Amino acid sequence: MLRHLIVPEDLSAAEIEAVFAISRDLQEKFVAGRRDALLPGRVLALVFEKQSLRTRVSFQAAMTHLGGSSLFLGADTGFASSRESIADFGRVLSEYVDAIVCRSKAHDTIVQMAGVASVPVINGLSDESHPCQALADIYTVRQAIGRVTGLTLAFVGDGNNVARSLAVVCGLLGMRFVLAAPQRYQFDEAFRSHLKAILPHADIFQTSDPVAAVQGAAVVYTDVWASMGQEAERRERVAAFTPYQVNAALMAHCPDAMFMHCLPARRGEEVTDEVIDGPQSVVVTQAANRMHVQKGLIAWLLGHA
Ligand code: CP
Ligand code: NVA
């Protein structure tokens with residue numbers, strides 16, 4: 001059956017565990033110097049409307065390691081422009097490749113692409129969701145601590161694409177999720193109702209108190225205050241989020257917590273150098289795990305586990 005990953009809730013908890021199991025196996029082999037060619041001749045297309053380092057390179061390297069190949073399709077293909085419709089683009093691209101990763105400005109663009117594609121479509125970040133990031137992050141927590149159920153992830157910052165996806169993956173896997181943000185940047189009513197509907201028993205809270213959020217947390221997570229596409233709001237966002245900076249004073253309230261950030265970071269804004277470069281930080285490990293988890297995801301989606 002054709003499956004897509006548009007939002008993390010497209011996967012059940014059991015399916016996430018199945019993806020993680022493949023990822024773990026492939027990661028162990030990779031570390032031991034083995035690169036199993038599970039996907040010979042398979043082609044992954046990456047259609048990107050926004051900048052990327054991690055998502056782009058981790059998917060492209062993953063396909064090469066798995067014996068397949070990838071094509072990066074940037075602005076010169078005319079995707080999501082007046083050149084042709086998203087539907088025509090998606091239908092034709094599906095004839096050439098085995099899976100599509102799409103990074104779009106509007107979430108609906110990826111939804112439209114998945115609606116017409118005859119191959120799996122993976123969301124490589126939209127304004128609403130970043131499922132591959134959240135999967136790799138929770139895989140990283142599991143690897144570091146050995147479990148995730150019952151632990152708390154405190155997200156201190158904007159209730160953005162990354163925060164929303166983390167809330168869902170935490171909810172699916174039994175982790176408590178707390179968002180600390182100024183009220184106007186917390187999850188809106190529509191997303192809160194959606195969370196209640198899909199995860200009625202999940203522990204997902206929001207507060208405007210960053211200290212209360214991090215106390216007892218196993219993970220403190222942050223992301224930029226102005227995401228790609230929100231540059232015009234930068235000044236007002238910096239003013240609103242300054243009390244939410246993740247710095248040594250805030251981390252002193254949770255000395256045993258891991259610090260996470262999806263990167264890229266604006267050092268000196270949402271996080272200080274001292275924290276992101278400090279002993280609690282796992283930001284490079286979580287970026288590295290993007291590749292391992294996406295290998296598991298592609299193998300699972302293409303039925304080659
Ligand atoms: N974290 C992340 O998705 O990074 P890129 O924007 O560089 O892909
Ligand atoms: N929230 C950020 C994440 C980048 C990986 C953005 O959308 O720009």
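Numbering of ligands and ligand atoms starts at 1, following listing order. Every value quoted in this text rests on a predicted model; they were computed, and no experiment measured them. Start at 1 with the first residue, then count along the sequence.
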Can you report which non-hydrogen protein atom sits closest to [atom], along with the distance?
| atom | result |
| --- | --- |
| atom 3 (C) of ligand 2 | Asp223 OD2, 3.6 Å |
| atom 7 (O) of ligand 1 | Leu53 N, 2.6 Å |
| atom 6 (O) of ligand 1 | Arg103 NH1, 2.8 Å |
| atom 8 (O) of ligand 2 | Met228 N, 2.8 Å |
| atom 7 (O) of ligand 2 | Asn161 ND2, 2.8 Å |
| atom 4 (C) of ligand 2 | Leu125 CD1, 3.8 Å |

**Message:** Test your reading of the structure: does Cys262 have an N or O sitting under 3.5 Å from an N or O of ligand 1?
**Reply:**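 Such a contact does occur with ligand 1.
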**Request:** Salt-bridge test for Arg237 and Glu269: reply yes if a basic N is under 4.0 Å from a carboxylate O, no otherwise.
**Result:**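 Not counted as a salt bridge, because no side-chain N and carboxylate O are separated by less than 4.0 Å.
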**Message:** Quick test of your reading of the model: are Glu231 and Arg234 salt-bridged, counting only N-O distances below 4.0 Å?
**Reply:**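 Looking at Glu231 and Arg234, the cut-off is not met.
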**Request:** Examine the side chains of Ser129 and Ser165 and answer whether a donor and an acceptor come within less than 3.5 Å of each other.
**Result:**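 Distance-only check passes for Ser129 and Ser165.
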**Message:** If we only consider heavy atoms of Arg290, is any one of them less than 4.0 Å away from an atom in ligand 1?
**Reply:**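 It does, in that a heavy atom of Arg290 comes within the 4.0 Å cut-off of ligand 1.
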**Request:** For Leu263 and ligand 1, answer yes if some heavy atom of the residue is under 4.0 Å from a ligand atom, otherwise no.
**Result:**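 Leu263 counts as a contact of ligand 1 under the 4.0 Å cut-off.
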**Request:** If the plane angle is over 60° it's perpendicular, under 30° parallel, otherwise tilted; pick one for Phe20 and Tyr139.
**Result:**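 Ring orientation, 0 to 90° scale: perpendicular.
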**Asked** Any idea which of Arg54, His261, Met228, Gln51 brings a heavy atom closest to atom 4 (O) of ligand 1?
**Response**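 Result: the heavy atom closest to atom 4 (O) of ligand 1 is in Arg54.
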**Request:** Evaluate whether atom CD of Gln183 has more than 12 neighbouring non-hydrogen atoms of other residues, nucleotides or ligands under 6.0 angstrom away.
**Result:**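 For Gln183, atom CD is not crowded (no more than 12 foreign heavy atoms under 6.0 Å).
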**Request:** Could you tell me which atoms of ligand 1, counted from 1 in the order shown, lie closer than 4.0 angstrom to a heavy atom of His130?
**Result:**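 Those qualifying, in numeric order: 2 (C), 3 (O).
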**Item:** Check: Phe155 and Asn160 side chains under 4.5 Å, non-hydrogen atoms
**Value:**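 Contact flag for Asn160/Phe155 side chains = yes.
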**Message:** For Asp137, run the side-chain hydrogen bond (donor to acceptor under 3.5 Å, both in side chains) check against Gln286, His261, Arg290 and tell me which one passes.
**Reply:**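 Between Asp137 and the candidates, side-chain hydrogen bond (donor to acceptor under 3.5 Å, both in side chains) is satisfied uniquely by Gln286.
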